[in-house]
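So that the names make sense, note that chain A is the first sequence line, chain B the second, and so on, each numbered from 1.
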2 protein chains.
Amino acid sequence: MLKEERFNHILKELKSSNKVFFENLSKELRVSEDTIRRDIDHLSKSGLLVKVRGGAMSPSVNPLSFQDRTGLFSDAKKVIALKTQQLLRDVQTVIMDGGTTLLAVAASIPIQSKLRIITNNMALIPILAHHEQVDIIVLGGMYNRVTQTNLGIQTALEAQKYQADLYLMGTCAIHSSKGLTAAVHEDGELKKVFMKAAAQTAVLSNHEKLETVEFFNVTGLSDVDTLITDLPSNDARLNAYRPFGLEIL
Amino acid sequence: MLKEERFNHILKELKSSNKVFFENLSKELRVSEDTIRRDIDHLSKSGLLVKVRGGAMSPSVNPLSFQDRTGLFSDAKKVIALKTQQLLRDVQTVIMDGGTTLLAVAASIPIQSKLRIITNNMALIPILAHHEQVDIIVLGGMYNRVTQTNLGIQTALEAQKYQADLYLMGTCAIHSSKGLTAAVHEDGELKKVFMKAAAQTAVLSNHEKLETVEFFNVTGLSDVDTLITDLPSNDARLNAYRPFGLEIL
DNA sequence: TACAATTTTGCATAATATTGCAAAAATAAA
DNA sequence: TTTATTTTTGCAATATTATGCAAAATTGTA
C-alpha cells in the first residue's frame, strides 16, 4: 500500500468523523502506530489536519481569509475599534500597522467609507475586500508569517514616501515613564517612520498593555496625540498618562 | 514496443485505477523497472502524474500534490503547475506575478521546499502559509481588488532592487509575431521590470491564450527562455514558437 | 546499404527514504 | 506531588530511488 493511500484513508476518516485515533488507524491500515504518527505529522505540516493527543482533528475553518466575523474579536478590541471610528471620519489617509486590534478596527469600518489605507498588515486586505471606496496601499517587505506583516528596511523606505493624516498604532507596550516600546526591533523602527509620516498618531491599546515595557524604544508619550483603550476615558488607571497632554478616548 | 506505447499504457492504467506500481508495469510491458522509472519521470515532468515511492498516482487523488481546498483549479492549470515544478527545483529566488495559474503553481509547491518568492500577488500569501522554508518578499503598491495584486510605480521601483534566478510570468497574451502583450498598462510595465530582474523568464499560459494579442506590448518572444502550456510539448499548435529558440515544456 | 552519431536500455552501486523498535522526554491524570 | 500515558527521538534493518556506465537499439547521413 502506498503512503499516499494511507494519507487518503486518514483524511477520509477525518472528514466523516472529525477525529482520528492512532490506535484505530494502525489496525485499519496494518502498520505500526509510529508510522501513523509520522503520517499525521506530515499531514499536519501541510495544514490538512491538526495533531491532538491520541490522534488528529480537522483543521479549524478559514485560517486567514475571513477574520471579519466580529465574533472572533474580544470585547475589549471591539470597544477600541468603535472608539477609533470617530477619528476615521475626518481623515483621508490612514496608516495602520500590525496587530489584531487593527483588524477589529478595519472590520468595523462602514462599508461605504471613503478612505486611503497605507499598511504593512496583510491580514487587513481580506477584511477590506468589499470596501470598494477604500484604497489600499500595501507596503512591501519581508513577510512575517506570525504577525502577518511585512517588515524590514524596504518597508520603512516605502513608508517614507507617503504623507498621512493619521497613524493608528496597534501592538506596543505603554509605560508612563518609559514611553512606547516594541518587542521586535524592525517593528519598533517602522513605528518611528510611521509617526514621522503621519500628522497625528493614535495608539490603540488593551488596558493589559498599560504600564508594560518591551525591549526596543519607539518614542516618548509626548509625541503621541491620542490614546485609545478599552477603559472609560475617566478611568483612574489612565491618570498616569494625562500629564503628557494626549487626548484619551 | 515504442516508448509512446508504454506511455499510453501507463496513462491508461492510471486512469482506471488512479495509481501504478513500477513492479507491475515492468512485468506488463516487459522492460526493466529502470525504464518504467524513466517513463514515469518523463510523464511527471509533463504534468500528467505525480511520482510517489513505489510508483505514481494521478494528481487528483494525491492529497499532497495540490493544496486545493476549493477545487478551484482547472485541469489545464494543474498540468501547467506540475510542469513548472521542475524549474523550481534548481533555483533559490523566484519572481511570481499575478494570475490564478500562479496560484496553482504555489499550491503544488512541496511543503518542505526551500525558496525565496518575490511577488506582488497577495493571493499567494495564504497558499504559502504552511511553507515554513519559503521566504516571501512582498512588493508593495496600489492594491487592486480584482487581480489581488499590487501595481504602480512603487511596485516596479521595488522590484528593481532584487535579483532573481527565475521569473514565472502568469497572465499575458502570446502571439508568434506580436510577442507578449498585457491587458493592463501598469501590469505590462511591471512585467518588463521583472524580466530584467530575473536571470531566466518562463511564461505560463493556457493554450487558449496562444495567438492572442492584448493592447500593451511587453516583449518579443526571443527574450523568453521557457514556455509552459497545458499542451504536450510536441503539439503542433506550439510550432509557431519553436523558431524563437525557447524551451517548450 | 553501410557507417557514424545519438538515444535508449539494463545493470551495478551509492544515496536516500521508510519502517518498527526502544529509550528518553513530555504531558495529562490521580 | 507521583504515576500512568503519550509523544518524541535515535537507531538499525530494509526497501526504494538516483546516478554513471556500457551494451544494444535506433536514427540520420552518405
Side chains of B:Gln133 and B:Ser113: do they bring a donor and an acceptor to under 3.5 Å?
->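 Absent: no donor and acceptor within the cut-off.
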
Interatomic distance where [atom1] belongs to [X] and [atom2] belongs to [N] [whole Å]:
{"X": "B:Ile40", "N": "D:dT17", "atom1": "CD1", "atom2": "C1'", "value": "13 Å"}
{"X": "A:Arg37", "N": "D:dT9", "atom1": "CZ", "atom2": "C1'", "value": "12 Å"}
{"X": "A:Lys51", "N": "C:dT27", "atom1": "NZ", "atom2": "P", "value": "12 Å"}
{"X": "B:Asp41", "N": "C:dT8", "atom1": "CG", "atom2": "P", "value": "13 Å"}
{"X": "A:Asp34", "N": "C:dG20", "atom1": "CG", "atom2": "C1'", "value": "6 Å"}
{"X": "A:Glu33", "N": "C:dC21", "atom1": "CD", "atom2": "C1'", "value": "13 Å"}
{"X": "A:Ile36", "N": "D:dT8", "atom1": "CD1", "atom2": "P", "value": "15 Å"}
{"X": "A:Lys3", "N": "D:dT17", "atom1": "NZ", "atom2": "P", "value": "11 Å"}

Between A:Leu231 and A:Val79, is any pair of side-chain heavy atoms under 4.5 Å apart?
->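 No, side chains not in contact.
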
Hey, is the side chain of [X] poking within less than 4.0 Å of OP1 or OP2 on [N], counting only N and O atoms?
{"X": "B:Ser32", "N": "C:dT9", "answer": "no"}
{"X": "A:Arg38", "N": "C:dC21", "answer": "no"}
{"X": "A:Arg53", "N": "D:dT6", "answer": "no"}

Going by an N to O cut-off under 4.0 Å, is there a salt bridge joining A:Lys51 and A:Asp41?
->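 A:Asp41 and A:Lys51: salt-bridged.
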
CG-CE distance between B:Leu115 and B:Met96, expressed to the nearest 0.5 angstrom |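 If we round to the nearest 0.5 Å, B:Leu115:CG and B:Met96:CE are 8.5 Å apart.
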
